[in-house]
Every structure is written in C-alpha cells, then in structure tokens.
Amino acid sequence: MKIVVSGGAGFIGSNFVRYLLDQTDDHVVILDKLTHAGNMENLVQACDHERYSFIQGDIADLETVRRAIDGAEIVINFAAESHVDRSILDPEPFLRTNVQGTFAMLEACRRDGVGRYLQVSTDEVYGEILEGSTPETAVIQPRSPYAATKAAGDLLV
C-alpha cells in the first residue's frame, strides 16, 4: 500500500513515518515544505529505507499534492504552520497552509479517488483547557489565528 504523509519531516510526522516503516510493509511518501518545523535530519533513519520517498513541496499547491498522492490509498496530513505567537505576528502563512493547504489535500484526494484521509489537528481549536481533556464533540473556541486556521481546516474535512 502507498501512504502519503504530509509534514513528515516535522517532529511528530517523522516519528510516525519511522513507525510506518518499522511496523508495516507499506511504501511511505513524505510531502514536506521543509520550513522551520520540517527538517531532513528528522528523517535520517528513514532516508535509506527502500520503501521511502520524499517530495519537497507545499501542500497548498494542488499539482504538487496530486503528484505526491498519485496511486496512494491513504493520505495523512500532519503538515501545519503552528505556534500561537507566530500566528499573531503574521497569520498569512497559517491561512495558506492550514486552510488552503488542507483544501488542496482534500481536493486532490477527491479528484484522484484516495480512499482514506486523516487530518491531524490540535487541542488549540477548543480554546483554553484548564485541566483534563476535551472530547472532539466539544464546541470549537479558537483563541489565536493558529487555532482558527486549524479549526477551519478541520471543518473543511
């Protein structure tokens, strides 16, 4: 099976990629823009693996996404602009990646008949959580541009 992991060079995404390569027989394609969060050093262990491929690109670019997901059965979107403080200083990259990028991923999957899509989100979409956890059925109450763009992407899904 071919699985595409966007944001696979980030901390969480790269750990998931290593898990897939260790625990499955699937071919794993990573699509990552390699911004401040994505780093090829996170993929050192995966780079020599025969079931690994890497595409550097922006998830907001529909043609790049379509090339990456060609033949994929599963797409998992870890890609995101994150960091609340950064989003307050300059929200535009958050809109591009977290909203337009999620839309491009979904549109490519719809057009190309990808069977399964998983959107990785954040608890930030629920607002302030003083203790414990919040169920996915809770009302979204984003408190920053980061959280608002992640909530918008979630709602598109």
Side-chain angles (χ1 to χ4, degrees), residues 1-84 86-87 93-126 129 132-138 140 146-147 149-157:
M1 182 175 350
K2 177 179 175 181
I3 300 173
V4 175
V5 179
S6 64
F11 177 74
I12 298 171
S14 63
N15 279 288
F16 184 71
V17 166
R18 281 193 297 279
Y19 172 82
L20 287 175
L21 291 171
D22 288 345
Q23 301 296 319
T24 74
D25 294 326
D26 300 321
H27 181 79
V28 180
V29 176
I30 292 124
L31 172 61
D32 201 294
K33 192 174 176 182
L34 296 178
T35 62
H36 67 281
N39 186 327
M40 288 303 290
E41 290 179 22
N42 291 335
L43 295 170
V44 168
Q45 293 174 328
C47 285
D48 293 331
H49 207 286
E50 62 189 30
R51 292 182 288 108
Y52 159 91
S53 353
F54 180 83
I55 297 171
Q56 183 173 355
D58 187 345
I59 66 165
D61 179 39
L62 183 59
E63 290 311 310
T64 299
V65 173
R66 289 191 79 187
R67 185 169 38 97
I69 71 165
D70 184 41
E73 296 170 64
I74 300 172
V75 171
I76 303 167
N77 184 19
F78 282 94
E81 286 292 332
S82 60
H83 302 290
V84 170
R86 262 194 190 126
S87 76
F94 293 79
L95 288 163
R96 178 168 173 80
T97 300
N98 301 347
V99 180
Q100 293 171 323
T102 298
F103 174 76
M105 297 284 287
L106 291 168
E107 183 65 7
C109 288
R110 183 188 65 79
R111 286 184 185 184
D112 296 349
V114 173
R116 287 187 271 173
Y117 176 92
L118 176 66
Q119 176 76 5
V120 178
S121 190
T122 175
D123 66 347
E124 291 282 338
V125 300
Y126 300 112
I129 301 169
S133 62
T134 299
E136 289 183 26
T137 55
I140 58 172
Y146 163 61
T149 59
K150 286 300 287 182
D154 294 351
L155 292 170
L156 287 173
V157 175

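In plain terms, the two heavy atoms of Val75 and Cys109 that are nearest each other are CG2-SG, 3.7 Å. In terms of heavy atoms, Ile129 sits closest to Tyr126 at CD1-CB, 4.4 Å. Heavy-atom minimum distance, Val4 versus Ala72: CG2-CB, 3.7 Å. When all heavy atoms of Glu124 and Val84 are compared, the closest pair comes out as OE1-CG2, 3.9 Å.
Screening residues 6-26 for salt bridge (Lys or Arg N to Asp or Glu O under 4.0 Å), with sequence neighbours left out, gives no hits. For residues 54-80, every residue pair satisfying the salt bridge (Lys or Arg N to Asp or Glu O under 4.0 Å) rule, not counting sequence neighbours, is listed here: Lys33-Asp58, Asp58-Arg96, Arg66-Asp112.
Residues meeting the ring pair (Phe, Tyr, Trp, His ring centres under 6.0 Å) test with His83, sequence neighbours left out: His36. The side-chain contact (heavy atoms from CB on, under 4.5 Å) check on Ser121 picks up Val125, Lys150, Asp154, with sequence neighbours excluded. For Glu107, the side-chain hydrogen bond (donor to acceptor under 3.5 Å, both in side chains) partners are Arg110, Arg111, not counting sequence neighbours. Checked against ring pair (Phe, Tyr, Trp, His ring centres under 6.0 Å), Phe78 has the following partners two or more places apart in sequence or in another chain: Phe16. For Thr35, there are no side-chain hydrogen bond (donor to acceptor under 3.5 Å, both in side chains) partners, not counting sequence neighbours. For Asp123, the side-chain hydrogen bond (donor to acceptor under 3.5 Å, both in side chains) criterion is met by no residue, not counting sequence neighbours. Legend: residues meeting side-chain hydrogen bond (donor to acceptor under 3.5 Å, both in side chains) with Arg116, ordered by chain and number and at least two apart, are absent.
Proximity of Ile55 to Ile30: side-chain heavy atoms (C-beta onward) are nowhere separated by under 4.5 Å. Between Ile3 and Val29, every side-chain heavy-atom pair lies at or beyond the 4.5 Å cut-off. Side-chain atoms of Leu43 and Val17, non-hydrogen and from C-beta on, do get closer than 4.5 Å to each other. Considering only heavy atoms from C-beta on, Ser87 stays 4.5 Å or farther from Glu81 through its side chain. Side-chain contact between Gln56 and Asp32 is absent, with no heavy atoms from C-beta onward closer than 4.5 Å. Looking only at side-chain heavy atoms (C-beta outward), Leu118 and Ile74 stay at 4.5 Å or farther from each other. Tyr146 is listed as a side-chain neighbour of Thr122, based on a closest heavy-atom distance under 4.5 Å.
The distance from atom OG1 of Thr64 to atom CD1 of Ile69, rounded to the nearest 0.5 Å, is 11.5 Å. Atoms OH and OG1, on Tyr19 and Thr24 in that order, are 8.5 Å from each other to the nearest 0.5 Å. One finds the OG1 atom of Thr97 at 9.5 Å from the CG atom of Asn77 (value rounded to the nearest 0.5 Å). The line from OH of Tyr52 to NE2 of His27 is 10.0 Å long, rounded to the nearest 0.5 Å. Residue Arg51 holds its CZ atom at 9.0 Å from CG of Leu20, rounded to the nearest 0.5 Å. Atom CD1 of residue Ile12 and atom OG of residue Ser82 lie 8.5 Å apart, to the nearest 0.5 angstrom.
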Result block: side-chain N/O donor-acceptor pairs under 3.5 angstrom for residues 99-106, not counting sequence neighbours:
from, atom 1, to, atom 2, distance (Å)
Thr102, OG1, Asn98, O, 2.9
Thr102, OG1, Gln119, NE2, 3.4

Item to check | Stepwise side-chain contact (heavy atoms from CB on, under 4.5 Å) check, Phe54 with Leu34 | outcome: CA-CA 11 Å; Phe54 180 83; Leu34 296 178; 3.8 Å; yes
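More than 12 heavy atoms of other shown residues, nucleotides or ligands fall within 6.0 angstrom of atom CD in Gln23.
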